[in-house]
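Throughout, a chain's letter reflects where its sequence line sits, starting with A, and its residues are numbered from 1.
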Amino acid sequence: MKQIVLFFLFFLFTSQTAYAEFDIQFAIDQAKAGDSIHIPAGRYQGNFIVKKPIKLYGQKGTELYAQNDEPVLKIEHATNVSIENLRITAKNKGIVANEMVNLELRAIELKDIQVGIHIQRSRHIRILENKIIGNYSHFAEKGNGIAVFKSEDVAIEHNTIKQVQDGIYVEEVKRVDVQRNKVTNSRYGTHFMYSNGVKVLFNTYLQNVTGLMVMMTTNLEISSNTISTHNGFNSYGLMMYDTQEAMVRKNSFLHNRVGVALQKSSVIQIQENRFQMNQTALEGTKVDERSTIMENQFTGNILTARSDNQGLRLMHNFYDDYTGLDVAGDGFGDVPYVAVSSFGQWMVRQPVYQFFVASPSVVILTSLDQQINNTERNLLVDSEPKLMSNMKKTELSLNSKQLVIGLVVTICSLWLWRRGTRV
Amino acid sequence: MMFVKIELKQILRSRWMQLVAFLFTFVFVAIIVIQQMALPDIEGFTRQTASFLSVLLFLLPLFIITIGSMSIAGDIESGWLSLLKTYPMKRTQYITGKYVAIALAFLLVIVVAFGFVLTIGGLLGGVRLPIVFVVLTLLCIFIFVSLGILLGTFAKTRLFALALSLVVWSFLLLLMSYALMALGAVVPGHILQRLIIITIHINPAEWLRFGYFLFSNQASVLGPAFYDVTRFYLSPIGHVLYGGITILWIVLPLMLATKLLKEEHQR
């Protein structure tokens, strides 16, 4: 009997898999470096601490929760830790990691939390495929979905975050990749402060106060993101303040109050983006002359651009409200495009004016305005506006069904007209 | 019925109506061709959608109320109405007959224009003609024909009818908007917002424009300040109310026109 008990104890402490009637903290404390602990399905209350290189896997239906204000899972002063497939519920913080090297957090669902994942002073961090849902309180009373402070080499990918303060908050981090995340209904989708070497690729930001907020950060690549429906009274799709050396490329800015706002920034390249149906597509204040807005597509925006007296350098963009011709046939308009619009400036001052957008009265007003503003040569002028968008290849194929219907309708209506005059 | 046929024949024979049909066809086809050849294939509210909307709301009401009002005023001025009074025809039948004849004539104009658009669009690979746009066109005809007839009963002479129509048209399409914009410079935003909501209901042009944004799921274009009112009108009760107010815009001017003609007859 004694031998059987010893066998089971030996098995419990040395096996890479732990079983039911499970004490998670005990298993963590007993595990050796490199061990994997499999947590059986069930609800586990407590504040768990990991300080050694182990892998923690939860079976489907594993939930950790805490009823106090301490983090549910604290990971600190360790290397090579991996946590996967857990559900965490907490009053305050879900996961806190401090001074870690090689940490991977994958497929963790954090619900009704104040702060989802909090990382600080760590290196080589991978936060992947997690789902974070905050509560319904005001943004000021919430914490961030994923917050990373003073760290290096961080990858935040394929996460889904909603109803938090900042979906992803990054402060004083070197080399961070934010890829293929989706952040909705939060204050800022992603917020960078004092960081360097930032990549933001293929993310979706939807219905936040502001999609992307970048402050005092250098060396950024923001590409292929969809930033849509940020149209509160203080909303921006992308806001960059005191930012240097950024490439903003191939993003879609849709339905935002302001698509992209640049303030006190330098060496910013905004290229090949799609600005559609924003109230103001571009806004610039104290933007240096090395920054360029190039080869973008502006369609259906109420106001294309506005700036202070330093202006914005517009080059080779496509504007759907450009009325010039291309007699030379080089694909660029022969007269410059001037983005200044009085109605747009009024609308920015008094948002209620937006009701009149594209109304016949404003169409006439804008036409008159463009005649007057054609004398503008310095501010918000694109001297070579692209005339045809390269986003769509024009195919003059025949739509026979529509052609036949059109011909039948036309002939019948003309016949009716002729017959009507003879009745 | 015979009266409608005679009226329809006269309207379709008029050079003015033929010119209107040509103008509409030309403008719509021009917009379609430009859109098809020079613009990206994007969904939602673009400046090209806005061009269609502007042409529709700008030109169609102008022609409808001028032709509608001059048709009635011409009958009064030429004595045709006095002659008709000798027949056993009620004022309501006269007004209804006029309404049906003018509305049918403009429907034919629009069918010709849309037929050409589909034909040319078919040659260019196909165009989209949203159903909301077609319905908006029909409502525009039904409402403004009614208003035109009312203006005609006021005017009595063709010249006065023309002048009155131009004044009303410019007031509904331009002056009212400009007045509100000017007011926005001196009143706070929330008051301006309420004034605009009132204007939506008392100005048929704004009512139709609002309806277009509403039913084409593009209400966000009007801005967050109108979120509540658009949300209400997108509810089932809102739909019913929209239909009710639209019917009122058609029926009330016709009733008023009938009443005016009766009073004129009594005098």
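If you tally non-hydrogen atom pairs under 4.5 Å between each of B/G184, B/A185, B/P188, B/A113 and chain A, the highest count goes to B/G184. For chain B, the option among A/L414, A/L254, A/I364 with the highest count of heavy-atom pairs below 4.5 Å is A/I364. For the set B/Y178, B/F116, B/F114, the count of heavy-atom pairs under 4.5 angstrom toward chain A peaks at B/Y178.
Note: A/L403 CG to B/L123 CG = 5.0 Å, rounded to the nearest 0.5 Å. Between B/L8 atom CG and A/R419 atom CZ the span is 11.0 Å, to the nearest 0.5 Å.
B/Q10 does not touch chain A: none of its heavy atoms, backbone or side chain, sits under 4.5 Å away.
Residues B/G121 and A/Q402 come closest through the heavy atom pair C-OE1, 3.6 Å. Residues B/R209 and A/F356 approach most closely at NH2-C, 3.4 Å, considering heavy atoms. Smallest separation of non-hydrogen atoms from B/L57 and A/P360: CB-CG, 4.1 Å. The two atoms that bring B/V111 and A/S413 nearest to each other are CG1-CB, 3.6 Å, heavy atoms only.
B/F24 pairs by the ring-ring contact (aromatic ring centres under 6.0 Å, His included) definition with B/F28, not counting sequence neighbours.
For the side chain to side chain contact (heavy atoms under 4.5 Å, CB included) with A/Y353, the qualifying choice from B/I196, B/L192, B/L180 is B/L192, the only one to do so.
Listed by sequence position, B/L173, B/L174 are the residues of residues 166-176 of chain B in contact with chain A, using a 4.5 angstrom heavy-atom cutoff.
Dense packing is recorded around CZ of B/F232, with more than 12 heavy atoms of other residues, nucleotides or ligands lying under 6.0 Å away.
In this structure the side chain of B/F226 reaches within 4.5 angstrom of the side chain of A/V352, judged on heavy atoms. Looking at heavy atoms from C-beta onward, B/V109 lies in side-chain contact with A/W417 at the 4.5 angstrom threshold.
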Self-check item: B/I200/A/F355 under side chain to side chain contact (heavy atoms under 4.5 Å, CB included): CA gap, chis, key distance, verdict
Solution: CA-CA 10 Å; B/I200 291 170; A/F355 176 82; 3.5 Å; yes
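Using modelled atom types, one side-chain atom of B/T119 and one backbone atom of A/L407 make a donor-acceptor pair closer than 3.5 Å.
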